[in-house]
Amino acid sequence: MAVKTALREIVFDAICQLGIAAEDVPPFDIDVSRVEEHGDFTTNVAFLIAPGLGLTPREAASRIATFATGRNPVARAEAAGAGFVNLFLDRSWLSELVKTIDREGEGYGAWDFGRGTTVLLEYVSSNPTGPLTVGHGRQAVLGESLACILERCGYDVTREYYFNNMGAQMRLLAESVYCRYRQVMGEEAVFPEGGYEGEYIVDIAREIRGQRGGHLTDGDLELFKRDAEAAIFRNIRSTLARLGIVFDVFYNENSLHDSGKLTEVLNELAGKDLTYEKDGALWFKATDLGEENDRVVVKGTGEPTYLLPDIAYHREKYNRGFSTMIDVLGADHHGQVPYVLAGIRALDLDAERVKVLLHQFVTLVSEGKRIRMSTRKAAFVTLDELIDEVGVDAVKFFFLLRKASAHLDFDIELAKRESDENPVYYVQYAHARISSILQHAGRVGVEVVPGSSADLSLLTEPEETILIKWMARFPDIVRRSAETLEPHRIPFYLMDLAAHFHNYYHRHRVVTDEALLTQARVVLVKCVAQVLRNGLSLIGVSAPESM
RNA sequence: GCGCCCGUAGCUCAGCUGGAUAGAGCGCCGGACUUCGAAUCCGUAGGUCGCAGGUUCGAAUCCUGCCGGGCGCGCCA
């Protein structure tokens, strides 16, 4: 926002004027004021510099205000409260902002501070043992939104899905399918201990029966595994596609085994004397890197634990040249994060470049009771089912309506029953309503002019000022969402923007008898629709023309 | 026992890297459609920000200790 940059320079000059060297100026805030009496913008800088100057914050604020007053675009500045500096701008800044939004269109709210930075964003990463659950849904939506936000800030984002299709769990999957296969043919078969009980296993068994016939035996388990994996992955991809999520890379853990990357990591760790043998297993000396315990990397059976491929995988991310790596993980993984990071440090890689975004669990609540989710026990509601019930837009909006670090109670009945009252419709309705207004304007022959040639100084109603100021904050919201990896800020912002618009709508008419005023208001509401679209696109939610 | 997350209105949750009088949705109550979409709007009520200290101009926010809930702490992934 050009205005803010200008204000920042003025305040900066003011501080230097008070005798502070340019390099000693602390980072300070300049924000859109929340209350009208506090002007258009406010800064807290006086609090920060007062001690060093031997002044009270109030005195420092007062001097800054005197300096800033009259310097374009500041019409007037005043010290307030304990030491705030409130900046009152020439009213034209509001018009300028509307023109900016009108001109930038889809680009309004975008940044380029991420330009030149490549990001590997890993999320979902669910192994192909069953359909995606509601829990995966939260992660999928969270990760995808984050990807969009980072891209809007200029980052070059690669979306990656990491999975493992070997090992005990997949073997169990194959045995489960094989058992159902026999049962489908009316034969007796003992279901494996701890096997996958979901109905989808039976479906897969039937499919195999239909395509390959009934002659398969337990000697064909590898075949069952492959077919099951393929079927489940088809299902996972189709669910993701419904959410508009398309991964750039599906990274298979096996490739790390096959290409010898695991051995390389082991050798490197051994070379640094960071491994040792004990009880027939190979241990990683995580304690040497400041962690609480050492961890097994190769079991007594000769198989690696999950930790080894995890470290090797991250090493590959570095080798592939990414500047930043973001792992979106469920809270149940947080305990192992320190050990993976320790492994990264052990390999002399900069662990600071890995950011882990942990999200708390989704607890399903049905009829007031909590349901424990387990893929194996088939005690889950699939993401597909949830989408069927509530719709994709509502699912996404709902998942992003709370910060990742907070638990999410998902009441199934509530979501179904109140789907019409989901906040997503509130935001979408504002957009549809504006579309409707614009259609109406077209029907009655309003000449729609670009913001640059409309007389925006006619937008003087308090509700118009509030609306414009709120739109002015959008770029900051986007930036902050990217910096903190917190997509939930977007839907909250949009709900407020929609509220300000609905309020404005009820108090003022856009299409009036006055041609110039109508033109200006049409430009204004078009901008509101644009910002709504720009925000909704960051969370993958549609902006309907009508609903 | 140790680590991480959470505790804000009856319920579900925001609170912008410490800022001015703590907000929204749902629910309750009372109003607003002959005019651009009432899936909307306006108003009322509702708070010891879990508790107790500390840091400072200022704390829901940062630190410490408790209380309560969730999740981790494997030669499982």
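Remember, it's a predicted structure, so these values are computed and weren't measured experimentally.
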Any protein N or O atoms within reach of nucleotides 10-13 of chain B? Criterion: under 3.5 Å, listing atom names and distances.
unit_1, atom_1, unit_2, atom_2, d
B:U12, O2', A:Arg402, NH2, 2.5
B:C13, OP1, A:His407, O, 3.4
B:C13, O5', A:Arg402, NE, 3.4
B:C13, O5', A:Arg402, NH2, 3.4

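- Residue contacts shown for A:His359 are absent, as no nucleic acid heavy atom lies under 4.0 Å away.
- As judged by a 4.0 angstrom heavy-atom cut-off over every strand, A:Arg507 is placed among residues touching the sugar-phosphate backbone only.
- No contact: A:Gly83 has no heavy atom under 4.0 Å from any strand.
- To the nearest 0.5 Å, the span separating CE on A:Met471 from OH on A:Tyr493 amounts to 7.5 Å.
- A:Ala331 comes within 4.0 angstrom of sugar-phosphate atoms only, judged by non-hydrogen atoms across all strands, and of no base.
- Among the atoms of the strands shown, base atoms are found under 4.0 Å from some heavy atom of A:Tyr505.
- Closest approach to the A:Ala82 side chain among B:C57, B:C71, B:C75 is made by B:C57 (side chain taken as heavy atoms from C-beta onward).
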Checklist entry - What would the secondary structure line of RNA chain B be in dot-bracket form, counting Watson-Crick and G-U wobble pairs under 3.5 Å, with [ ] for pairs that cross earlier ones and | for pairs with another strand? => result (((((((..((((.....[...))))..((((.......))))......(((((..]....))))))))))))....

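- In this structure, A:Glu545 reaches the bases: a heavy-atom distance under 4.0 Å links it to at least one base atom across the strands shown.
- At the heavy-atom level, A:Ala80 lies under 4.0 Å from base atoms of the strands shown.
- Picking from B:C41, B:C5, B:C75 the nucleotide with the shortest atom distance to the side chain of A:His502 gives B:C41.
- Comparing atom distances between the A:Arg489 side chain and each of B:G15, B:C2, B:U35 picks out B:G15 as nearest.
- Out of B:C75, B:C36, B:C41, the shortest distance to the side chain of A:Trp283 is found at B:C75.
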